[in-house]
Amino acid sequence: MQTRKTRRYHHGDLRAALLIRAEETLREKGPAALSLRELARELCVSHAAPSRHFKDKQALLDALAQVGFERMAEALAASQATVEETFADRIGALARAYVGFAASNAELLDLMFSIKHDPAASEALVRASQSMSVLAIRLIEEGQRRGEVRAGPVDSVAVPLFTTLHGFASLAVSGTLSTESTDSDLENVIAYTLRGCAPDTPQPDEHPCTLPQ
């Protein structure tokens, strides 16, 4: 009995300790290697202790994905704190923060996006997964109000923007792109995306033919 009390006190927040160690295992060995029993052994608690926080492995993965989305939301929000209010500056900062998060959390990002589409995903996970789209939509709406973004349904701008950015991030973390040129490639992607978001160029007025007098 004394040993169990010491262990609970030693870890303090067992749930947090489980998530930290689970993320380390995810990064080192992948999701297949995650096991509540193995995590309990590594943290020196009884094999039943994790079940008080996660009923099964899937619950652990859901919680890990939710933590990832929350951390990503913090990084994206922080990217907006010191930039100008122009759409170009804000989207550029958002893109760099997103790709930076992806590069530092490749395995976690893969887990996040694979789990969020699961029909059994919790409401909390679904809400957390919407953080980037909520921010991007807000920036697009602000850009439209200022005339910096083409008019039309927000989704017609947001979907191409997100798929382009997520596609680049996926290629960058997979090693498909050269690490030496990733920064310059990202700047090109940002410029390309901004051109796609820009207001339509007005066509010159067509002058009717002048009839001879």
Side-chain angles (χ1 to χ4, degrees), residues 65-118 121-174 176-207:
Q66 183 177 332
V67 168
F69 279 116
E70 291 169 351
R71 194 187 306 160
M72 183 178 75
E74 292 173 358
L76 298 182
S79 76
Q80 304 297 298
T82 58
V83 295
E84 299 295 328
E85 293 187 0
T86 66
F87 180 73
D89 285 335
R90 289 195 174 279
I91 287 297
L94 180 76
R96 296 181 195 100
Y98 180 72
V99 173
F101 178 86
S104 301
N105 303 274
E107 297 82 7
L108 181 59
L109 190 74
D110 185 58
L111 174 70
M112 289 158 54
F113 280 92
S114 63
I115 285 185
K116 81 166 190 171
H117 297 296
D118 190 322
S122 68
E123 292 183 7
L125 173 57
V126 172
R127 285 195 302 271
S129 72
Q130 296 170 344
S131 58
M132 180 176 181
S133 60
V134 169
L135 176 56
I137 287 172
R138 178 169 61 80
L139 296 182
I140 291 168
E141 289 174 337
E142 291 174 354
Q144 287 178 325
R145 286 194 291 270
R146 290 196 296 266
E148 298 174 309
V149 178
R150 60 184 170 85
V154 173
D155 282 351
S156 69
V157 180
V159 172
L161 187 156
F162 178 74
T163 53
T164 299
L165 182 56
H166 184 66
F168 177 83
S170 299
L171 291 173
V173 301
S174 70
T176 303
L177 302 177
S178 168
T179 55
E180 290 78 11
S181 63
T182 298
D183 290 345
S184 59
D185 289 340
L186 176 57
E187 294 307 311
N188 290 333
V189 167
I190 292 171
Y192 173 83
T193 301
L194 290 172
R195 287 194 296 271
C197 296
D200 296 329
T201 303
Q203 298 297 316
D205 294 335
E206 295 183 1
H207 299 286

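Here, residue 1 is the first one in the sequence, and each next residue gets the next number. Because the structure is a prediction, the values reported are computed rather than measured.
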Nearest heavy-atom approach of V157 to C197 is CG1-SG, 3.6 Å
**Prompt:** Can you tell if the side chain of F162 reaches within under 4.5 Å of the side chain of I137, non-hydrogen atoms only?
**Reply:** no
_With a 4.5 Å cut-off on side-chain heavy atoms, are R71 and L108 touching?_
yes
Applied to residues 151-173, the salt bridge (Lys or Arg N to Asp or Glu O under 4.0 Å) test, sequence neighbours excluded, yields none
Nearest heavy-atom contact between L139 and F87 is O-CD1, 3.5 Å
- Using 30° and 60° as the class limits, which term best fits the ring planes of F113 and Y98: parallel, tilted or perpendicular? perpendicular
Interatomic distance, CD@E107 vs CG@L109, rounded to 0.5 Å, equals 10.0 Å
Between the CD atom in Q66 and the CD atom in E123, the distance rounded to the nearest 0.5 Å is 11.5 Å
Closest non-hydrogen contact found for S184 with S181 is OG-O, 3.0 Å
Here the gap from S170 atom OG to D110 atom CG, rounded to the nearest 0.5 Å, amounts to 8.5 Å
Closest non-hydrogen contact found for A121 with I115 is CB-O, 3.9 Å
In short, V83 meets A93 closest at the heavy-atom pair CG1-CB, 3.7 Å
Heavy-atom closest pair (R150 atom, A198 atom, distance to 0.1 Å) is CB-O, 3.3 Å
Worksheet entry | Close side-chain approach of I91 to E148, heavy-atom, < 4.5 Å | no
- Query: Are more than 12 heavy atoms from other residues, nucleotides or ligands located less than 6.0 Å from atom CD of E85?
  - Reply: no
Across all chains, not counting sequence neighbours, the side chain to side chain contact (heavy atoms under 4.5 Å, CB included) partners of A97 are L76, S79
E187 meets the salt bridge (Lys or Arg N to Asp or Glu O under 4.0 Å) criterion, sequence neighbours left out, with R96
d(E70 CD, L125 CG) to nearest 0.5 Å is 9.0 Å
**Prompt:** Are any of the side-chain heavy atoms of Q144 and V154 separated by less than 4.5 Å?
**Reply:** yes
| message | So does A172 get a backbone contact from the side chain of T176, meaning a donor-acceptor N/O pair under 3.5 Å? | response | no
- [ ] Would you please test T86 and E84 for side-chain hydrogen bond (donor to acceptor under 3.5 Å, both in side chains) and show each step?
- [x] CA-CA 6 Å; T86 66; E84 299 295 328; over 6 Å; no
Between the main-chain N or O of F101 and the side-chain N or O of S104, is there a donor-acceptor pair closer than 3.5 Å?
no
Output for pair (S122 OG, K116 NZ), nearest 0.5 Å, gives 13.5 Å
Query - Validation row: L135, L94 side chains within 4.5 angstrom (heavy atoms) - result: yes
| said: If you apply the rule side-chain contact (heavy atoms from CB on, under 4.5 Å), what do you find for L165 with T193, and how did you get there? | reply: CA-CA 8 Å; L165 182 56; T193 301; over 6 Å; no
The reported gap from CG in L186 to CZ in F168 (rounded to nearest 0.5 angstrom) is 5.0 Å
